[in-house]
Chemist: 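What follows is a structure written as structure tokens; I'll ask about it next.
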Number of protein chains: 2
Amino acid sequence: MGEEVVLHGYFGPVRKAGKFLYFSFFHDYSSDPPRPLKVVSVIDSLSPQITKAAHQTLGSLHRFTPVALRAIVYKCAPPKSPEKRKSDEEVELRVKEIIPLNSVSENLIYTAKTIFPPEKRHLQLRTTKELCIALRLRSRTASECRKFLEENDFLEVETPLLFKSTPEGAREFLVPTRKGDGTCYALPQSPQQYKQILMASGVPRYYQLAKCFRDEDLRADRQPEFTQLDLEMSFATSDDVMDLVEGLVIRIWKNVLDVCVGPGFKRVPYWWAMKNYGTDKPDFRYPNHRIKNLHEVLPYLAKGDRFVEGFAFYGNTPNYNMDHAIEFLEKFKRENLSTRDDNYVAYIAGAGNETQAYIEGGMELWRDADLANIHGALWVHRPGAIVVIKERRGYYSGGNTKLGLLRSALLNKAIEQKFISSRSDYAFVWVIDFPLFSPTSADDPGQSGRAPFSSTHHPFTAPIAEDIQLLGSSPHRVRAEHYDLVVNGTELGGGSRRIHEAALQKYILEKVLKMPREKLQQFDHLLEVLDSGCPPHAGIALGFDRLIAVMMGRDSIRDVIAFPKNSKGADVMVGSPSVVPDKELQAYGLRRS
Amino acid sequence: MGEEVVLHGYFGPVRKAGKFLYFSFFHDYSSDPPRPLKVVSVIDSLSPQITKAAHQTLGSLHRFTPVALRAIVYKCAPPKSPEKRKSDEEVELRVKEIIPLNSVSENLIYTAKTIFPPEKRHLQLRTTKELCIALRLRSRTASECRKFLEENDFLEVETPLLFKSTPEGAREFLVPTRKGDGTCYALPQSPQQYKQILMASGVPRYYQLAKCFRDEDLRADRQPEFTQLDLEMSFATSDDVMDLVEGLVIRIWKNVLDVCVGPGFKRVPYWWAMKNYGTDKPDFRYPNHRIKNLHEVLPYLAKGDRFVEGFAFYGNTPNYNMDHAIEFLEKFKRENLSTRDDNYVAYIAGAGNETQAYIEGGMELWRDADLANIHGALWVHRPGAIVVIKERRGYYSGGNTKLGLLRSALLNKAIEQKFISSRSDYAFVWVIDFPLFSPTSADDPGQSGRAPFSSTHHPFTAPIAEDIQLLGSSPHRVRAEHYDLVVNGTELGGGSRRIHEAALQKYILEKVLKMPREKLQQFDHLLEVLDSGCPPHAGIALGFDRLIAVMMGRDSIRDVIAFPKNSKGADVMVGSPSVVPDKELQAYGLRRS
């Protein structure tokens, strides 16, 4: 108090309470969370010349001008209304001297309401409090992760980013060399192969915050480059990894968010999650609207590989009534249900066995007498319950059933409309026992094998021991020793015990996936490494961007990345990627085809 | 003691002292530094069946087989001769049960003397103690760096690796996209531009252990991808950065190496280092053989931009005599001095004004009377001193003068031959005031400007304020606010205050470097960012691989990287880079030209 300080930063807008009294806020970005300081500039006839000059400078300063500020610190009373407490108003600065340190473009117009476009990411970062907080939380979380892993004897090892093209699963980015013979590096999808090599190199426990790359058609919330917390443990089982990661997550939530979670995250098999939630990313905060198999009440619909499933839910908040439910369901139908889609029935249960707002998507109708049975099976005890029933064929595969997607969409909408009260807690769950293989889809290169399926995650995942005998006869029934960590319906990451025996790895690549010889050769180094005394090992990769987004309560990982790419893979601020002239491509022995 | 333990790891070679008594070592790699445990397997008629089986297994176990070992811990006397103390021999393990966990290829032959080729990097890592230690030291040093920077309020921010091509200085790797129109990302040479954008984004202090890429013809000890400790501070001066980094280095040396260095690293200008050591990476441990300007004693040789310089040294160890010196110089001449090279004279001073073993590389001879003056100037007071004199033209530029290279080579050879006693301490020095521009060389793309010079480091380096007036008239005389940290003749990294004003940045790119318009446009984003109120800022990048190599006392950074590339840029273990079939190139709209 009364002390003179020199600060560096920027002024907020200046409010002029007359010619001789200005108010403003000073941002120096050094506090966490960022907190502007109140500034007063006042002059009278006794003020020294330098203060008068500073006052004048403040009055005409362009926003965002970086300045050196000399000021005196005073105590001041906090404002009475709490909503006006924008800053640490115990303190205010009286301006003595201001030295502008750069000029600012006249084109940069700015008001309190300005929302800057992605082209001006630097101004988004400077003016969006949530982004500032996200970057700080990200840095702190990385620090907590490293601390925890180092305490647990993990060695941080950097693995190469200039790797080679291998059919691991995702599409890769290529990096041509200047040899001019078509040789390229490939950017790694993950450090998977190198970390397995480290296990065979006598590194007991490895970790890395690793940069990974996938040249995918960018879905809603994917980035062509992303960060994962990657770790691997030799002589370890899946349980060892899950226990360790559970400890890590509990520590992060405690130390960074000050929230207690766990211990003892639930572990559920893939089939159980698919059966009850219609997704391998179940949101355990809302367990009341689970999917039920209706084959006992509608036996004549469920034949062969045809299954009939349904779920029911009603609002649990006071504002929920039948009229709302009808309007809601009609709207939901228009937005989410397509009659071109395969069969379903959706309705709102009325009193007794009546139904209201019936929507029928082409599914074979059932007998009236079934209604009571359906309501019994789905625990529908009062009018207003929304019931959705849907047909499904074949084995569970992939991330969701169509009914599961419907259920999630309906639940989200109901929470948005406040029919169901939203929950702000964290429900962690491990989903285990995934199928080792999944049907190959058109947009997924897989392992380029001639088999009609690819590895669900990657071809190095170990099968569950008791299912190894099924590899030859019924590969679709083989379960993987793979585990996904899911929180509130979002996958944080996944891992597995890996195949550590060369013979089994070769068998799966060659005989089960039926990889052509030239692709198989790309894994020769790995087979040799396994064959030289590689210990059993298991590991995991957590999506670090996703982790931070979940901690920040954000839907998009773009909100927690300093310089994200947009949905076209472009950084519109710097203008990447850009057209490279033919002449420069020539240096790499390449030209446009 | 007497306790039963279960360990996972590998056995070393088994020494059979009869049928019933085997000795070996057990490696579990979990101790730091790695330390094998002594193992005894002994059976007699009373041993349980399982112990007998384990004994048999141990006797026939292939090296490198990963095993689970159940054993009893006993105390044992340490061996009398210290050189036999291979391990922590206070303890020995008595084998109870061994479960092999993988098979090992019969082709893997191994004796204590086996040196594995780079193709078997995993076995190098497993069996080379120095590599194990290097990886652990690397992990620990990274941890110390982060801890120090976090304590100093630095925020860790990850910047994109899919950047765009800009003429920053070095040659870049391109990453083609699948748009098929020649658009490419480029891998960053450093996060330079993004970190400057962060400074304009209100991040006060940024750091990152960043991956960087340079598509260079690989010199002796460069890697196409490498790691740098990258940091930047807003509202900071060069001194702030140097002071901070000095604190960091002192902390690392203390906490990781347990060695006290500094404080108060010397700071010398570039011209001083070049004048006295003939290099911008002076090794201050050997200050006795500095280069002297001889223009006062040989005025008729030094005319115009022609300078004559020389140095002298003699061994400081007892084994140094004249015969050695002659043999040494003759050998050195054959290996290092080429008469096709430009002018020099080298000889060994005899008694008085005589010389021995005269080597004359074509330089104009001087008058006999000059010898005394030369010896006076170079402080040659006794026979046996090796004297080298060389001509030089023009301004200092680049990293070394030819005489500087000669001096280093001679010094290294003399240390190797033990004429000069080697030093194991660390002499840190900051080299400052580099020239802002250097003549463009053929193998360096520079900034593609039409000026006959390029930025010495990168085009964002700020000129020293008082030299700005020379930018138009005498750009070669403009000094940069750049600083290099050098230890024992090795550059650990460099940094600078950056240009933070758009107008000056544009002037240097456009008017001084004379960049063509299309190249200039590639920096538009940066100019806009500077123009939006970017604060003054300065930073540095330390070569992290080099730092670890220096700490480990290794010459090559390959010895401190888990999976380095060889001199052809290849990882011979995994076989990267590899030929990518034309079909896959097509997906990127490319074909071989």
Side-chain angles (χ1 to χ4, degrees), chain A residues 8 29-30 64-66 101-102 104-105 108 122 125-126 139 142 155-158 160-165 173-175 177 182-185 197 200-202 204 211 224-225 227 235 500-501 525 529 531-536 562-563 573-580 586 589-593, chain B residues 8 29-30 64-66 101-102 104-105 108 122 125-126 139 142 155-158 160-165 173-175 177 182-185 197 200-202 204 211 224-225 227 235 500-501 525 529 531-536 562-563 573-580 586 589-593:
Chain A
H8 294 94
Y29 293 99
S30 64
F64 290 138
T65 304
L101 298 170
N102 201 352
V104 178
S105 165
L108 183 54
H122 60 297
L125 287 168
R126 206 195 280 172
S139 180
L155 194 69
E156 182 185 10
V157 182
E158 296 172 66
L161 294 182
L162 296 174
F163 184 47
K164 75 160 179 179
S165 181
F173 285 106
L174 296 180
V175 183
T177 68
T183 50
C184 294
Y185 298 105
I197 294 168
S201 304
K211 298 276 189 181
E225 57 177 316
T227 305
F235 297 106
H500 72 288
E501 290 157 310
H525 62 278
V529 164
D531 205 23
S532 67
C534 181
F563 302 104
M573 184 180 62
V574 303
S576 74
S578 63
V579 174
V580 168
Q586 268 171 30
L590 295 174
R591 60 189 171 118
R592 285 177 233 197
S593 63
Chain B
H8 294 95
Y29 293 99
S30 64
F64 289 139
T65 304
L101 298 170
N102 201 353
V104 178
S105 165
L108 183 54
H122 61 297
L125 287 168
R126 206 195 279 171
S139 180
L155 195 69
E156 181 186 10
V157 183
E158 296 173 66
L161 294 182
L162 296 175
F163 185 47
K164 76 162 178 177
S165 182
F173 284 106
L174 297 179
V175 183
T177 68
T183 50
C184 294
Y185 298 105
I197 294 168
S201 305
K211 297 277 188 179
E225 57 177 315
T227 305
F235 298 106
H500 72 287
E501 290 157 312
H525 61 278
V529 163
D531 205 24
S532 66
C534 181
F563 301 105
M573 186 182 60
V574 303
S576 74
S578 62
V579 174
V580 169
Q586 269 172 30
L590 295 174
R591 59 189 172 120
R592 285 176 231 197
S593 64

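Letters go in sequence order (proteins before strands), and every chain restarts at 1.
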Chemist: Need one label for Ser532(B): side chain, backbone, both or neither, based on atoms under 4.5 Å from any heavy atom in chain A.
Modeler: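 Backbone plus side chain of Ser532(B), per the 4.5 Å heavy-atom cut-off to chain A.
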Chemist: To the nearest 0.5 Å, what is the distance between OG on Ser201(B) and CE on Met573(A)?
Modeler: 6.5 Å
Chemist: Which residue out of Asn102(B), Ile197(B), Val579(B), Leu125(B) racks up the most heavy-atom pairs below 4.5 Å with chain A?
Modeler: Asn102(B)
Chemist: Test Arg591(A) against Arg592(B) for side chain to side chain contact (heavy atoms under 4.5 Å, CB included), laying out the working first.
Modeler: CA-CA 6 Å; Arg591(A) 60 189 171 118; Arg592(B) 285 176 231 197; over 6 Å; no
Chemist: Between chain B and each of Glu501(A), Glu156(A), His122(A), His525(A), count heavy-atom pairs under 4.5 Å; write down the option with the most.
Modeler: His122(A)
Chemist: Using non-hydrogen atoms and a 4.5 Å limit, figure out which bit of Leu108(A) sits close to chain B: side chain, backbone, both or neither.
Modeler: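 When you check distances to chain B, only side chain atoms of Leu108(A) fall under 4.5 Å.
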Chemist: Among Leu174(B), Thr227(B), Val175(B), Val157(B), which has the most heavy-atom pairs under 4.5 Å with chain A?
Modeler: Leu174(B)
Chemist: In terms of heavy-atom pairs under 4.5 Å, which option from His500(B), Gln586(B), Arg126(B), Lys164(B) contacts chain A the most?
Modeler: Arg126(B)
Chemist: Run Leu161(A) and Leu161(B) through side chain to side chain contact (heavy atoms under 4.5 Å, CB included) and show every step you take.
Modeler: CA-CA 10 Å; Leu161(A) 294 182; Leu161(B) 294 182; 3.5 Å; yes
Chemist: Could you check which of Leu162(B), Thr65(B), Thr177(B), Thr183(B) has the highest count of heavy-atom pairs closer than 4.5 Å to chain A?
Modeler: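 Maximum pair count with chain A is reached by Leu162(B).
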Chemist: Return the option, out of Val574(B), Leu155(B), Val529(B), with the maximum number of heavy-atom pairs under 4.5 Å with chain A.
Modeler: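 Heavy-atom pairs under 4.5 Å are most numerous for Val574(B).
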Chemist: Heavy-atom cut-off 4.5 Å, strictly under: side chain, backbone, both or neither for Pro536(B) against chain A?
Modeler: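 Only the side chain of Pro536(B) comes within 4.5 Å of chain A.
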Chemist: Give, for atom OH of Tyr185(B) and atom CD of Glu225(A), the distance between the pair rounded to the nearest 0.5 Å.
Modeler: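 Spacing of OH (Tyr185(B)) from CD (Glu225(A)) equals 8.0 Å.
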Chemist: Return the minimal non-hydrogen interatomic distance between Cys184(B) and Pro577(A), and the atom names on each side.
Modeler: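 Heavy atoms only, the tightest pair is O-CB, 3.2 Å.
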Chemist: Grab the two heavy atoms, one from Cys534(A) and one from Pro66(B), that are nearest each other, plus how far apart they are.
Modeler: O-CG, 3.6 Å
Chemist: Which answer fits Pro160(A), side chain, backbone, both or neither, if we ask what part of it has an atom under 4.5 Å from a heavy atom of chain B?
Modeler: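 It is both, since atoms from each part get that close.
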Chemist: Would you mind telling me which of Ser578(B), Pro204(B), Pro535(B) has the largest number of heavy-atom pairs within less than 4.5 Å of chain A?
Modeler: Ser578(B)
